[in-house]
Student: 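Please see the structure below; I have some questions.
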Amino acid sequence: MYYFDLMNFSKEITHWYLQNKRDLPWRKTKDPYRIWLSEIMLQQTRVAQGLPYYEKFTEAFPTVYDLAKAEESYVLKLWQGLGYYSRARNLHFTAKDIVTNYNGEFPNNYKALLKLKGVGDYTASAIASICFDEVAPVVDGNVYRVLSRYFDIDTPVNSTEGIKKFKELAFEVIDEDDPANFNQAIMEFGAVQCKPQSPYCIICPVNESCEGLKNQRVGMLPVKLKKTKVKHRWFNYLVVVSNQSETLLEERKGKGIWQGLYQFPLVETEKAVKDITLHQSAIKDVLQIENFSITAFNKKEKVHKLSHQHLHTTFWIVETTDNLKNGILLQEIRQYPVPILIGNFIEEFNF
DNA sequence: AATCCGGGGGG
DNA sequence: CCCCCAGGATT
């Protein structure tokens with residue numbers, strides 16, 4: 001009976017998928033390069049947000065060789081706005097790795113795929129199943145939701161126990177005859193039908209055997225451990241405007257957010273700056289100029305929200321007649337990869 | 001086991 | 001305001 005129900009579940013989900021799947025470009029290919037590209041892009045990212053980036057990347061880099069030989073800053077530029085920029089850096093690293101050490105061919109199984117930088121359990125399973133029909137179950141946010149509801153399991157999905165338990169469950173339910181379609185089916189089902197808010201239980205193909213629905217617990221599942229609270233930071237960007245139509249940009253290096261992206265010279269403070277003239281010497285130090293006048297671009301600080309940080313940001317316009325060291329031409333500023341916060345300012349200020 | 005890492009969309 | 005999203009790396 002139990003076996004019959006699992007069979008019923010997997011076949012129903014796959015059947016639902018074949019009837020209802022969205023027409024998406026990465027569903028027209030089994031090229032491991034393109035599947036890999038789509039999977040990296042869609043990590044923690046909605047299909048609607050990732051789609052235009054997939055189009056841009058496949059256009060700019062039709063093959064892994066094209067991606068491998070690109071400048072990293074250009075890869076980041078195309079990635080700009082998609083977030084989690086380590087994905088883009090690892091993407092570029094792995095493209096070079098594939099060309100250099102794998103003769104341009106992606107590994108054809110889960111275990112070997114897992115060795116690639118930026119490829120974890122989920123992505124290795126996705127590529128192995130979709131491209132090579134390996135029985136490797138994927139467990140993403142959609143799968144956690146579908147399985148926790150269908151089997152009425154309240155183990156936190158982001159706990160060590162939950163991760164283990166749901167992976168085992170995914171192994172039990174996967175359709176071994178068609179892992180490629182089943183994996184995509186259960187994710188699509190979670191995204192479109194068994195969605196986080198207001199799932200369509202009334203028309204659900206497995207609503208008669210769904211334990212969560214029977215117990216009226218669908219709205220409480222999945223259970224997640226709560227995340228840490230946000231940290232507040234105060235950013236003062238120094239937007240230099242020289243009379244030679246130049247400005248200054250710096251690359252963010254080391255640890256922390258936006259690694260490899262560019263920004264205006266930054267003075268970070270412990271709290272909101274009330275009088276920027278108090279920081280006169282720090283500004284001279286950072287910008288290496290002597291004569292300037294400074295005014296706030298935004299009176300009210302702009303709060304840029306990241307998952308774990310709120311950035312209270314003020315853009316200060318620094319006008320100078322001095323010659324800039326390492327200045328960049330204003331007409332070339334859009335070539336640099338920048339965080340959305342900076343990109344929005346550039347568009348608004350328009351120099 | 002916790003924490004970090006973006007940005008956007010929806011209720 | 002909150003939560004969630006075709007997760008992975010680091011500490």
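Lettering of chains follows the sequences in order, A, B, ..., and the numbering in each one begins at 1. Note that the structure is a prediction, hence the values are computed from the model and not measured.
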Student: When you measure from every atom of DNA chain C, which of residues 18-27 of chain A have a heavy atom less than 4.0 Å away?
Tutor: A:Trp26, A:Arg27
Student: Using residues 190-204 of chain A as the side-chain source, report each donor-acceptor pair under 3.5 Å to any protein atom, sequence neighbours left out, with the distance given to one decimal.
Tutor:
residue	atom	partner	partner atom	Å
A:Gln193	NE2	A:Tyr200	O	2.7
A:Lys195	NZ	A:Gln197	O	3.3
A:Lys195	NZ	A:Ser198	O	3.3

Student: Would you say A:His304 places a side-chain N or O within less than 4.0 Å of OP1 or OP2 belonging to B:dG6?
Tutor: no
Student: Just to be sure I follow the notation: if a pair is Watson-Crick (purine N1 to pyrimidine N3 plus N6-O4 or O6-N4) or a G-U wobble (N1-O2 and O6-N3), each under 3.5 Å, what dot-bracket string does DNA chain B give, with | for pairs to another strand?
Tutor: |||||.|||||
Student: Between P on B:dG8 and OH on A:Tyr84, what's the gap in Å once rounded to a whole number?
Tutor: 13 Å
Student: How close or far is atom C1' of B:dC5 from atom NZ of A:Lys229, stated in whole angstroms?
Tutor: 18 Å
Student: With a 3.5 Å cut-off and sequence neighbours excluded, list the donor-acceptor pairs that the side chains of residues 285-297 of chain A form with protein atoms.
Tutor:
residue	atom	partner	partner atom	Å
A:Gln288	OE1	A:Lys325	NZ	3.3
A:Asn291	ND2	A:Asp322	OD1	3.3

Student: Does atom NZ of A:Lys96 have more than 12 heavy-atom neighbours, drawn from other residues, nucleotides or ligands, at distances under 6.0 Å?
Tutor: yes
Student: Does A:Leu82 reach a base, just sugar-phosphate, or nothing at all? Heavy atoms under 4.0 Å.
Tutor: base
Student: Expressed in angstrom and rounded to an integer, what is the separation of A:Lys305 atom NZ from B:dC5 atom P?
Tutor: 18 Å
Student: If the C1' atom of B:dG8 is compared with that of C:dA9, how far apart are they to the nearest Å?
Tutor: 23 Å
Student: Determine the interatomic distance between P on C:dA6 and the same-named atom on B:dC5; round to the nearest Å.
Tutor: 23 Å
Student: Starting at atom CG of A:Leu306, determine the distance to atom P of B:dC4, rounded to an integer number of angstrom.
Tutor: 12 Å
Student: Identify each donor-acceptor pair in which a side-chain atom of residues 210-217 of chain A lies under 3.5 Å from a protein atom, sequence neighbours left out, and give them as a table.
Tutor:
residue	atom	partner	partner atom	Å
A:Glu211	OE2	A:Lys214	NZ	3.2
A:Asn215	ND2	A:Asp152	OD2	2.7
A:Asn215	ND2	A:Glu211	O	3.2
A:Arg217	NE	A:Asp152	OD1	2.7
A:Arg217	NE	A:Asp152	OD2	3.2

Student: Please check if atom CD in A:Gln244 has more than 12 non-hydrogen atoms from other residues, nucleotides or ligands closer than 6.0 Å.
Tutor: yes
Student: Under a 4.0 Å heavy-atom cut-off, which of residues 42-54 of chain A touch DNA chain B?
Tutor: A:Gln44, A:Thr45, A:Arg46, A:Gln49
Student: When we call it a touch if two heavy atoms are under 4.0 Å apart, what does A:Ser307 touch: a base, just sugar-phosphate, or nothing?
Tutor: base
Student: Between the side chain of A:Asn181 and the main-chain N/O of A:Thr14, is any donor-acceptor distance below 3.5 Å?
Tutor: no
Student: Check whether the side chains of A:Ser129 and A:Tyr110 place a donor and an acceptor atom closer than 3.5 Å, and report yes or no.
Tutor: no
Student: In terms of side-chain geometry, is the basic nitrogen of A:Arg27 or A:Glu188 positioned less than 4.0 Å from the acidic oxygen of its partner?
Tutor: yes
Student: Is A:Asn183 reaching over with its side chain to a backbone N or O of A:Ala136, donor-acceptor style, under 3.5 angstrom?
Tutor: yes
Student: Is it true that A:Asp133 and A:Lys30 make a salt bridge, defined as a side-chain N closer than 4.0 Å to a carboxylate O?
Tutor: yes
Student: Taking atom P in both C:dG8 and B:dG9, compute the distance separating them and give it to the nearest angstrom.
Tutor: 24 Å
Student: Under the ring pair (Phe, Tyr, Trp, His ring centres under 6.0 Å) test, which residues partner A:His232, sequence neighbours left out?
Tutor: A:His310, A:His312
Student: For A:Glu347, is there an ion pair with A:Arg334 - N to carboxylate O distance below 4.0 angstrom?
Tutor: yes
Student: Under 3.5 Å, is there a donor-acceptor pair linking the side chains of A:Thr123 and A:Gln43?
Tutor: yes
Student: Show me, pair by pair, the donor-acceptor contacts under 3.5 angstrom made by side chains of residues 54-65 of chain A, not counting sequence neighbours?
Tutor:
residue	atom	partner	partner atom	Å
A:Lys56	NZ	A:Leu78	O	3.1
A:Thr58	OG1	A:Tyr54	O	2.9
A:Thr58	OG1	A:Glu55	O	3.2
A:Thr63	OG1	A:Tyr65	N	3.2
A:Thr63	OG1	A:Asp66	N	3.3
A:Thr63	OG1	A:Asp66	OD2	2.9
A:Tyr65	OH	A:Asn103	O	3.4

Student: Using atom types as modelled and distance alone, determine if a side-chain donor or acceptor of A:Thr29 lies under 3.5 Å from a backbone N or O of A:Trp26.
Tutor: no
Student: Do the two ring centres, one from A:Phe345 and one from A:Tyr237, sit under 6.0 Å apart?
Tutor: no
Student: Determine whether more than 12 heavy atoms belonging to other residues, nucleotides or ligands lie under 6.0 Å from atom OH of A:Tyr74.
Tutor: no
Student: Give the residues of residues 338-351 of chain A touching DNA chain B, defined as any heavy atom closer than 4.0 Å, sorted by residue number.
Tutor: A:Pro339, A:Ile340
Student: Could you tell me the boundaries of the chain A footprint on DNA chain C, defined by atoms under 4.0 Å from its heavy atoms?
Tutor: C:dC1 to C:dT11
Student: Check the orientation of A:Trp36 and A:Phe106. Use parallel for under 30°, tilted for 30 to 60°, and perpendicular for over 60°.
Tutor: tilted
Student: Using a heavy-atom distance cut-off of less than 4.0 Å, which residues of residues 112-143 of chain A contact DNA chain C?
Tutor: A:Lys117, A:Gly118, A:Val119, A:Gly120, A:Asp121, A:Tyr122, A:Thr123, A:Asp140, A:Gly141, A:Asn142
Student: Go through residues 247-262 of chain A and report each residue with a non-hydrogen atom lying under 4.0 Å from DNA chain B, sorted by number.
Tutor: A:Gly256, A:Ile257, A:Trp258
